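Numbers here are sequence positions counted from 1. Only heavy atoms go into these numbers, but all of them, side chains included; no hydrogens, no water, no symmetry mates. None of the values given here were measured: they were computed from a predicted structure.
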Amino acid sequence: MATVILVRHGRTTANAAGLLAGRAAGVSLDQLGREQAALTGNRLAVVHLAGVVSSPLERCQETARLILDRQAGNPFAPTEPDLTECDYGQWQGRMLNELATEDLWAAVQSQPSTVVFPGGESMAAMQARSVAAIRRYDAAFEAEDGPGAVWVAVTHGDIIKSILADALGMHLDLFQRINVGPASVSIVHYGAVRPTVYATNTDAGDLSWLSKGINSGDAQVGGGAGQKAQ
């Protein structure tokens, strides 16, 4: 299968203020967020990307543009509603320090698989739609560009954490153990046997090794020799 690079959007004005933006319109990257996204774009410039698929929300589209601006070609660049932020319902637009006093907060931390946000979406449904979208696009990019295809999905923190949890074979109730910072890069290869997670939450480092493609064979006993940069 192909390889997906999961990129969280850069920091936003809402992130800096401690506000749960959710799906609210008009939430943009702040200056630091633009710098973070540009740095990620520079890291990815050495990788030929088959596509850059983005959540439709502004902060993700801004991040995607800063990645696309640094690509030599013109990758396919659709927006995908199933990669949009979780529908936090009545929690949207509220301060995180206020939400932390709600009874539901404890379940979000320890049993997210049971959580349904008031007037919004369940975290289980969020994971199901986002994982399905990633696997759907991954198969499409492989069919179009071959098993060495590398593509990017620009989306949101909880979305990426839920995708990584699925790839790692973790129950959703454990996904809060995963951290995904603004404009960070995580890498998953969906092989014939199982997904393999090559990186999580990175904000630096050479990615040119991705241009050589990833073998889908058996895992190396003892860990193998690792990937080599070009």
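Here Asp82 does not pair with Arg129 in a salt bridge; the nearest charged N to carboxylate O distance is not below 4.0 Å.
In this structure, Trp209 and Tyr198 have tilted ring planes: the angle between them lies in the 30° to 60° band.
Between the side chain of Thr101 and the backbone N or O of Glu98, at least one donor-acceptor pair lies under 3.5 Å. Side-chain atoms of Thr63 do not come within 3.5 Å of backbone N or O of Ala183 as any donor-acceptor pair. Side chain of His156 to backbone of Asp158: no donor-acceptor contact under 3.5 angstrom is found. Using a distance-only test at 3.5 Å, with no hydrogens or angles considered, no donor-acceptor pair links the side chain of Gln92 to the main chain of Gly22. Between the side chain of Glu58 and the backbone N or O of Gly26, at least one donor-acceptor pair lies under 3.5 Å. Side chain of Asn15 to backbone of Thr12: a donor-acceptor contact under 3.5 angstrom is found. With hydrogens and angles disregarded, no donor-acceptor distance shorter than 3.5 Å links the side chain of Gln109 to the backbone of Gln176. Looking at Ser186, its side chain does come within 3.5 Å of a backbone N or O of Asn201 through a donor-acceptor pair. Distance alone, capped at 3.5 Å, places no donor-acceptor pair between the Arg59 side chain and the His9 backbone. A donor-acceptor pair under 3.5 Å links the side-chain atoms of Thr202 to the main chain of Val185, judged by distance alone.
Considering every non-hydrogen atom in both Ala149 and Ala50, the closest pair reads CB-CB, 4.4 Å. In this structure, Leu83 and Ile159 approach most closely via the heavy-atom pair O-CG1, 4.3 Å. Contact between Ser113 and His171 at its shortest, heavy atoms only, is OG-CE1, 3.6 Å. The nearest pair of heavy atoms linking Ser55 to Thr79 is O-CG2, 4.5 Å. Of all heavy-atom pairs between Arg34 and Gln31, the closest is NH2-OE1, 3.0 Å. Scanning both residues, Ser211 and Val47, for their nearest heavy atoms gives OG-CA, 3.7 Å.
In the hydrophobic clustering of this structure, Leu207 groups with Leu68; members are Ile, Leu, Val, Met, Phe, Trp, Tyr whose side-chain heavy atoms approach within less than 4.5 Å, directly or through other members. There is a path of hydrophobic side-chain contacts, each under 4.5 Å, that joins Tyr88 to Leu104. Tracing side-chain contacts under 4.5 Å through hydrophobic residues (I, L, V, M, F, W, Y), one never reaches Leu66 starting from Phe76; they form parts of separate clusters. Both Met126 and Leu99 are assigned to one and the same hydrophobic cluster, defined by single-linkage of ILVMFWY side chains at heavy-atom distances under 4.5 Å. Linking Ile, Leu, Val, Met, Phe, Trp and Tyr residues whenever their side-chain heavy atoms come within less than 4.5 Å leaves Met95 and Trp105 in two separate clusters.
Contact check for Leu210 versus Ile5: side-chain heavy atoms found under the 4.5 Å cut-off. Between Val52 and Leu44 there is no side-chain heavy-atom pair separated by less than 4.5 Å. A 4.5 Å side-chain heavy-atom check between Tyr190 and Ile134 finds at least one atom pair inside the cut-off. The closest side-chain heavy-atom distance from Val150 to Leu49 is below 4.5 Å. Residues Phe141 and Thr3 fail the side-chain proximity criterion, which asks for heavy atoms closer than 4.5 Å. Between Gln36 and Thr40 there is no side-chain heavy-atom pair separated by less than 4.5 Å.
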>> Between Val27 and Glu85, is the side chain to side chain contact (heavy atoms under 4.5 Å, CB included) condition met? List the steps.
In response: CA-CA 12 Å; Val27 178; Glu85 180 64 285; over 6 Å; no
>> Could you walk me through whether Phe175 and Gln127 satisfy the side chain to side chain contact (heavy atoms under 4.5 Å, CB included) test, starting with their C-alpha distance in whole Å, then the side-chain angles of each, then the deciding distance to 0.1 Å, before giving a yes or no?
In response: CA-CA 10 Å; Phe175 100 135; Gln127 182 184 45; over 6 Å; no
> Step by step, would you call Asp203 with Leu39 a side chain to side chain contact (heavy atoms under 4.5 Å, CB included)?
Replying inline: CA-CA 8 Å; Asp203 57 16; Leu39 177 61; 5.7 Å; no
> When you look at Asp145 and Trp151, which way does the side chain to side chain contact (heavy atoms under 4.5 Å, CB included) test go after all the steps?
Replying inline: CA-CA 10 Å; Asp145 297 291; Trp151 63 286; over 6 Å; no
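Here the straight-line distance linking atom CG of Asp138 with atom NE2 of His189 works out to 8.0 Å at 0.5 Å rounding. Annotation: the span from Arg65 atom CZ to Arg70 atom CZ amounts to 12.5 Å, rounded to 0.5 Å. With values rounded to the nearest 0.5 angstrom, Asp30 atom CG is found 4.0 Å from Arg11 atom CZ. With rounding to the nearest 0.5 angstrom, the CD1 atom of Ile187 is 9.0 Å from the CG atom of Leu6. The distance from atom CG of Leu168 to atom CG of Leu174, rounded to the nearest 0.5 Å, is 10.5 Å. Interatomic distance, Ser184 OG to Ile160 CD1, rounded to the nearest 0.5 Å: 5.5 Å.
Atom CG of Asn74 has 12 or fewer neighbouring heavy atoms from other residues, nucleotides or ligands inside a 6.0 Å radius.
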